[in-house]
Asker: 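Questions regarding the structure given below will be posed in turn.
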Amino acid sequence: MMYQIKDLHLSLPDMTRKPLLGPAPRIEILKGLTFDVPEGAVVGIVGGSGSGKSTLGRAMLRLLEPTGGEIVFDGQTITHLSENALRPLRRRFQMIFQDPMSSLNPRRRVGGIIAGPLRLHGFEGVSARVDEALDMVGLPRHFSRRFPHELSGGQRQRVGIARAIALRPDFILADEIVSGLDVSSQAQVLNLLGELVRELGLTLAFISHDLSVIRRLCSRVVVLHQGVIVEQADTATLFDAPKARYTQELLQAIPLPDPFQKWL
Amino acid sequence: MRDARGDMRRPVGLRLWLSGGWLTLLVAGAIFAPWIAPKDPLMQDLFLGRLPPFWESGTEPGFWLGTDSLGRDVLSRMLYGARLALVVALVAGTLTCIIGAALGLIAGYYRGWPDRIISRFVDIWMAFPPVLFAILLIAVLGPGLWSIIIAIVVIDWTRFARVIRAEAMTQGAMDYVASAQVAGRKRFGTMLTEILPNVLPTIVVLLTLEMGIAVIVEAILSFVNLSISTDSPTWGGMIAEGRTSVHQAWWVLVFPLIALFLTVLSFSQLGEGLKDRFDPVLR
Ligand SMILES: Nc1ncnc2c1ncn2[C@@H]1O[C@H](COP(=O)(O)OP(=O)(O)OP(=O)(O)O)[C@@H](O)[C@H]1O
Ligand SMILES: [Mg+2]
């Protein structure tokens with residue numbers, strides 16, 4: 001198993017309701033999630049806005065510390081590991097962010113953005129690896145001299161992918177990586193990601209609120225609603241016979257004439 | 001969008017050239033003052049008092065911009081005065097910038113208790129009226145070059161701290177900071193390699209602005225005779241002297257005023273010019 005999530009709880013202090021003195025009240029965002037991410041799987045995490053998908057993703061990458069439960073990455077419990085203890089592990093789980101305009105440092109060149117993490121983890125032959133990563137995501141090598149604002153939206157998202165795969169991670173979390181793109185670049189980026197996952201033997205968690213995207217890419221789906229898993233199943237099972245009411249509603253909301261078209 | 005950006009570059013270049021040009025001239029004049037000043041700036045000669053500038057009648061050769069009522073050469077005194085103005089601008093500006101920006105960066109990026117301490121400190125600090133604060137400080141420290149510099153630093157670091165804190169907070173919420181953490185970069189390293197380059201344009205603009213302010217403050221303090229000893233020439237001192245005899249010898253007042261004006265204006269434009277020229281992200 002790549003990831004084992006057991007009864008994961010996470011609450012954050014609500015600063016808007018903080019009294020003048022004393023601690024802020026905490027709002028519970030994840031209310032006991034349990035699921036596994038098998039090695040080599042592509043797991044879709046789906047749910048409406050505010051259901052806690054990003055929070056779950058950030059907890060899995062330990063950008064947030066859970067308040068309860070357990071996260072096991074490849075046999076190692078990382079639930080409460082300190083940042084120093086996590087650092088050697090961090091190469092192995094990477095993330096692609098939703099908004100590349102925000103996730104790519106605007107004042108660094110593409111080459112530096114991809115090379116930074118490589119240097120940090122002591123890779124040899126960094127510039128060759130940067131070129132290789134650009135090749136893999138289908139960007140010309142001279143793009144390494146460009147700044148993020150000199151790229152198109154789809155190209156920026158490819159840089160985000162290149163940065164993640166350059167480290168040769170075992171696991172990648174992709175948080176709504178196509179929601180900011182137009183339909184044709186969405187398809188391109190998704191195809192690219194699908195290919196890379198197969199080629200590199202990656203395990204992928206793919207967060208989206210768009211079920212048609214999930215259906216194309218994922219082998220397994222976890223449906224999240226208000227911080228609770230309402231259903232998890234293999235993709236085919238879920239789309240053919242959704243059990244939970246919320247999943248049925250989501251499927252009906254797919255903006256297609258017939259959400260069960262086989263050619264999708 | 002790209003076309004509009006292309007159009008904006010031209011006036012920007014001019015701004016940088018003009019302000020940079022004047023300041024380069026000034027720095028060169030200040031450094032080489034002992035060699036290029038036509039006269040000894042302190043030498044008095046009552047027979048050569050109130051000579052007009054070179055284009056009017058009744059001048060003496062060598063006194064290009066005339067003399068004051070004691071017969072001292074205005075151009076030479078301005079060149080030596082530039083030394084003091086620039087030393088104060090560079091030293092006070094840089095020190096203010098380093099202290100204020102470092103504290104602002106730490107408060108804005110780390111948040112938590114460092115932010116609470118620094119922000120509280122800034123609030124208390126800014127409750128003092130600055131001019132009173134400066135005069136009080138100089139009264140305690142005694143007039144002198146370092147008193148001026150310390151007064152400027154002590155009063156103005158809060159400006160940097162406040163602005164840079166806000167900038168660092170905005171930048172700290174960006175995903176590229178989270179991305180650095182995903183890559184395993186340490187917090188301090190992230191502050192220096194990710195946040196700092198993004199607040200640097202603001203720091204540069206504030207720094208040059210602060211240098212201009214330092215020149216004005218030095219001139220004001222010289223004007224009210226709180227600056228360094230009275231015999232070394234300062235622009236503020238010259239303006240104060242020139243004011244008393246403006247009807248007989250306008251040049252003693254006007255030339256230092258023009259120099260002061262151009263210098264402050266140039267400093268204030270230099271930062272924007274540098275930012276527009278060298279910042280890869282045009283906002
Ligand atoms: N720092 C925070 N402080 C307080 N509440 C937060 C914080 N971050 C997120 N939340 C709340 O947690 C809930 C889940 O947020 P999250 O970002 O995980 O949702 P999401 O499923 O990713 O939604 P979207 O599809 O809109 O991205 C939301 O109700 C949000 O308001
Ligand atoms: Mg989200």
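Hydrogens, waters and symmetry mates are skipped; everything else that's a heavy atom, side chains included, is used. Chain identifiers are assigned alphabetically (A, B, ...) following the order of the sequence lines, protein sequences preceding nucleic acid strands; residue numbering begins at 1 within each chain.
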Asker: May I ask you to test the B:E194-A:R108 pair for a side-chain heavy-atom distance under 4.5 Å?
Answerer: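 The answer is yes; the side chains approach within 4.5 Å.
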Asker: Are any side-chain N or O atoms of A:R90 and backbone N or O atoms of B:Q181, one a donor and one an acceptor, separated by less than 3.5 Å?
Answerer: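 Judged by distance alone, yes, a pair lies under 3.5 Å.
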Asker: I'd like to check A:E83 versus B:K186 (side-chain heavy atoms, cut-off strictly below 4.5 Å). Are they in contact?
Answerer: no
Asker: Measure distances from A:R58 to the heavy atoms of chain B and classify the residue's part below 4.5 Å as side chain, backbone, both or neither.
Answerer: side chain
Asker: Do other residues, nucleotides or ligands put more than 12 heavy atoms under 6.0 Å from the CZ atom of B:F261?
Answerer: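 No, CZ of B:F261 has 12 or fewer neighbouring heavy atoms, counting only those of other groups under 6.0 Å.
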Asker: So for A:R87, is it side chain, backbone, both, or neither that comes closer than 4.5 Å to the heavy atoms of chain B?
Answerer: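 Just its side chain gets close to chain B.
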Asker: Just by distance, do the side chain of A:S103 and the backbone of B:D175 share a donor-acceptor pair under 3.5 Å?
Answerer: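 Checking the backbone N and O of B:D175 against the side chain of A:S103, no donor-acceptor pair under 3.5 Å is found.
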Asker: Would you give the length of the straight line joining atom OG of B:S179 to atom CG of A:L104, rounded to the nearest 0.5 angstrom?
Answerer: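 Between B:S179 OG and A:L104 CG, I get 7.5 Å after rounding to 0.5 Å.
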Asker: Rounded to the nearest 0.5 Å, what's the gap from CG on A:N105 to CD on B:Q171? Could you check?
Answerer: 8.0 Å
Asker: When you measure from the side chain of A:H121 to the backbone N and O of B:G184, does any donor-acceptor pair fall under 3.5 Å?
Answerer: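 Not a single qualifying donor-acceptor pair exists.
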Asker: Taking the side chain as everything from C-beta on, heavy atoms only, tell me whether B:L200 gets closer than 4.5 Å to A:R107.
Answerer: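 Not in contact.
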Asker: Out of B:G189, B:P197, B:A180, B:A183, which one racks up the most heavy-atom pairs below 4.5 Å with chain A?
Answerer: B:A183
Asker: Taking atom CZ of A:R26 as the centre, does the number of heavy atoms from other residues, nucleotides or ligands within less than 6.0 Å exceed 12?
Answerer: yes
Asker: For chain B, which of A:P106, A:P117, A:P148, A:G116 has the most heavy-atom pairs under 4.5 Å?
Answerer: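 Of the candidates given, the most pairs with chain B belong to A:P106.
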